[in-house]
Student: 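After the C-alpha cells below, expect a handful of questions from me.
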Protein chains: 2
Amino acid sequence: MPTPPRASLAQIIDAGREIVEVSGPAGLTMQAVAERVGVRAPSLYKKVADRDALLRAVAGATLDDLSARLESTGDDLAALARVYRAFAHEHPEAFRLMSAVPMPVEVLRRSADPLLRACTRIVGEADALDAARFAVAWVTGFLQMELAGAFRLGGDVDGAFEYGVRRLAVSLRS
Amino acid sequence: MPTPPRASLAQIIDAGREIVEVSGPAGLTMQAVAERVGVRAPSLYKKVADRDALLRAVAGATLDDLSARLESTGDDLAALARVYRAFAHEHPEAFRLMSAVPMPVEVLRRSADPLLRACTRIVGEADALDAARFAVAWVTGFLQMELAGAFRLGGDVDGAFEYGVRRLAVSLRS
DNA sequence: ACCTGAACACCGTTCAAGT
DNA sequence: ACCTGAACACCGTTCAAGT
C-alpha cells in the first residue's frame, strides 16, 4: 500500500541547518535530524545517501543563500566584503562547514559571479580571476580566523577588517 | 608494583600526526593511535584527556613546526608566504586541522612573530598588526580554498598565488 | 604505576517485516 | 512506497582487576 512521505528532502536539510547552527556539525546526528522531522533515523536514508551527503547538502544550501545575498549586493568590492562578513557572523557554524566541504563547480561559479564582476570592473577581464581569488582568499581567511579565535593578540578586529577592505581596494587599483 | 610507561605522550602525538596525514582527522580513532604505539585504547587516557585533546595536541605540534620554519625564513613577506604554502602542501591534512582548532594565545603569538616583524619593516609599528592580519588572512584563506578544491574555475592556481604575493606587497607599500 | 578486558552509551547504516 | 524495530559494526570512555 503506497504511503505519502512524511519528511521531504527540504525539511531534512532545513532540520540539518538548524542543528548545525546550534550544535555544530558534530551535533548533526541522523537521530537528531530524524527526531526534528518526526521520523526514525532509518527513514532518512530514503532521501539522503548518508550523513556526509546531508552535510554537503547543508553546506550547499548555505552557499546558495550567501550567493543570493551577494547577487543582490551589486558591484562594489567593499560592499561585497561586508555582506560576506555579516553573513558569516549570522551563521558562523554553517559558514565554517561551507568552507570545509567540497562544492560542485556550478555552485562555486554562481557564488563567484558577483565578485568576478566587481573585479572585472576594477582590473579588467584579463586579471579578473586572479584578482577575485586574491579578494575571496583574503575575506574567507579573515572570517575563518576570526571565527576560529585566531585574532586574539590584541587590537581591534573590526578595525582590522576595514583596514583590509581599504588595502584590498588599493592593491587592485595600482 | 610500579611499571614504566610503554607509550610516551610524544609518541602518542607523533602517531596521531601520522594518522591524520594519511587518513585525515576522521581516521584518528583512539584505537588506531593505540595500535600504532603498541598499547590498548584505554591506556591512552593516562596521557591524554580525550580524543579532542589529542587532536588539539596534534594541531599544536604542527603549528610549532610551521613556526620554526617561518622563524628561520626571515623578514621577507613574499618568502614567508611561499614557505607557508610549501608547508601546507607538505601537510595538507594537518594544515587544515590546525586552522580548525583553537590555539593557546602564546602559541599564536610565536607563530605570528615573523610575519609581524616583516610587516613592521614595511608599514611601521602602528599598522603592523592590521597589516599582519591582512597578510595572514590572505595566505591562509588562499591555502584553505586551494586545499578544499575551491579554485576549480579555470586559470592557473600557482599563478594566482604569485599574483597575490605581488598584490600584497603593493598594497602594504602604498 | 601502568596496562587490560569488559562493559556502557552512542552512532551510522542495513534490512526484513509491517502498513 | 514509505516507515520501523532489531541488529551489526564501530567508536569514545570508564573502571575494576591484574601485574
Side-chain angles (χ1 to χ4, degrees), chain A residues 1-62 93-94 96-98 100-102, chain B residues 1-62 93-94 96-98 100-102:
Chain A
M1 191 81 53
T3 309
R6 274 220 308 271
S8 71
L9 178 58
Q11 284 173 319
I12 291 171
I13 295 175
D14 279 350
R17 295 180 75 174
E18 291 166 24
I19 291 169
V20 162
E21 215 43 78
V22 43
S23 318
L28 186 149
T29 67
M30 298 305 270
Q31 329 218 21
V33 174
E35 191 179 2
R36 213 164 181 111
V37 297
V39 100
R40 298 292 185 162
S43 300
L44 299 177
Y45 292 85
K46 287 281 157 187
K47 309 282 178 182
V48 162
D50 53 24
R51 178 175 179 272
D52 226 64
L54 178 50
L55 243 13
R56 283 196 300 273
V58 167
T62 305
E93 291 288 353
R96 299 186 69 181
L97 175 63
M98 216 176 65
V101 155
Chain B
M1 189 83 52
T3 306
R6 273 219 309 272
S8 71
L9 178 59
Q11 284 174 319
I12 291 171
I13 295 175
D14 278 349
R17 295 179 75 174
E18 291 166 22
I19 292 169
V20 162
E21 214 44 77
V22 42
S23 317
L28 187 148
T29 67
M30 298 306 269
Q31 329 220 17
V33 174
E35 191 178 2
R36 214 164 180 108
V37 298
V39 100
R40 299 291 187 163
S43 299
L44 298 176
Y45 293 85
K46 286 283 158 183
K47 309 281 179 181
V48 162
D50 53 23
R51 180 175 178 272
D52 225 64
L54 178 51
L55 243 14
R56 282 197 301 272
V58 166
T62 304
E93 291 288 354
R96 299 185 71 181
L97 175 64
M98 216 177 65
V101 155

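Protein chains get the first letters and strands the later ones, always in sequence-line order, with residue 1 at the start of each.
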Student: Among residues 32-41 of chain A, which ones have heavy-atom contacts with DNA chain D below 4.0 Å?
Tutor: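 Of all residues in residues 32-41 of chain A, the ones placing a heavy atom under 4.0 Å from DNA chain D are Val39(A), Arg40(A).
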Student: Between dT19(C) atom P and Arg6(A) atom CZ, what is the distance in whole Å?
Tutor: 14 Å
Student: So does Ser43(B) get a side-chain nitrogen or oxygen closer than 4.0 Å to the phosphate oxygens (OP1/OP2) of dC2(C)?
Tutor: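 So the side-chain polar atoms of Ser43(B) never come under 4.0 Å of the phosphate oxygens OP1 or OP2 of dC2(C).
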Student: Enumerate, in order of first residue number, the stems that involve DNA chain C, defined as 3 or more consecutive Watson-Crick or G-U wobble pairs with both distances under 3.5 Å.
Tutor: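 Result, WC/G-U stems under 3.5 Å: C:4-8 with D:12-16, C:12-16 with D:4-8.
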Student: Look at all strands and tell whether Pro42(A) reaches a base, only sugar-phosphate, or nothing, counting heavy atoms closer than 4.0 Å.
Tutor: base
Student: Just how far is it from atom CG of Leu44(A) to atom CD of Gln31(A), taken to the nearest 0.5 Å?
Tutor: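 Reported value, rounded in 0.5 Å steps: 9.5 Å.
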Student: Rounded to the Å, how far apart are Lys46(B) NZ and dG12(D) C1'?
Tutor: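 Distance, rounded to whole Å: 17 Å.
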Student: Calculate the interatomic distance between Leu44(A) atom CG and dC15(C) atom P; express it in whole Å.
Tutor: 17 Å
Student: What protein N or O atoms touch nucleotides 9-11 of chain C N or O atoms at under 3.5 angstrom, if any, and at what distances?
Tutor:
none

Student: Does the side chain of Thr62(B) come within less than 4.5 Å of Leu97(B)'s, by heavy atoms?
Tutor: no
Student: Write down the distance between CG (Asp50(B)) and C1' (dG12(D)), rounded to a whole number of angstrom.
Tutor: 9 Å
Student: Nearest heavy-atom pair of Ala26(B) and Arg51(B): which atoms, and what distance?
Tutor: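 Minimum heavy-atom contact is CA-NH2, 4.2 Å.
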Student: Roughly how many Å is it from OH in Tyr45(A) to C1' in dA7(D), rounded to a whole number?
Tutor: 14 Å
Student: Can you tell me how far apart CZ (Arg6(B)) and CD (Gln11(B)) are? Round to the nearest 0.5 Å.
Tutor: 11.0 Å
Student: Has Arg96(B) got a side-chain atom pairing as donor or acceptor with Ala100(A)'s backbone, closer than 3.5 angstrom?
Tutor: yes
Student: Can you find a pair of side-chain heavy atoms, one from Lys47(B) and one from Pro5(B), that are under 4.5 Å apart?
Tutor: yes
Student: What are the two closest heavy atoms between Ala61(A) and Ile13(A), and how far apart are they?
Tutor: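 Shortest heavy-atom contact: CB-CG2, 4.1 Å.
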Student: So, does Glu21(A) use its side chain to make a donor-acceptor pair with the main chain of Ala94(A) at under 3.5 Å?
Tutor: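 Yes, Glu21(A) side chain to Ala94(A) backbone: donor-acceptor pair under 3.5 Å.
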Student: Can you name the one residue among Asp14(B), Thr29(B), Val33(B) that meets side-chain contact (heavy atoms from CB on, under 4.5 Å) with Ile19(B)?
Tutor: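 With Ile19(B) as partner, Asp14(B), Thr29(B), Val33(B) yield a single side-chain contact (heavy atoms from CB on, under 4.5 Å), made by Val33(B).
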Student: With Ile12(A), which of Val58(A), Val48(A), Val39(A) fulfils side-chain contact (heavy atoms from CB on, under 4.5 Å)?
Tutor: Val48(A)
Student: Side chain of Thr3(A): nearest nucleotide among dC2(C), dC2(D), dT13(D)?
Tutor: dC2(D)
Student: Looking only at heavy atoms, which two atoms of Asp50(B) and Met30(B) are closest? And how far apart?
Tutor: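 In this case the closest contact between Asp50(B) and Met30(B) is C-CE, 4.4 Å.
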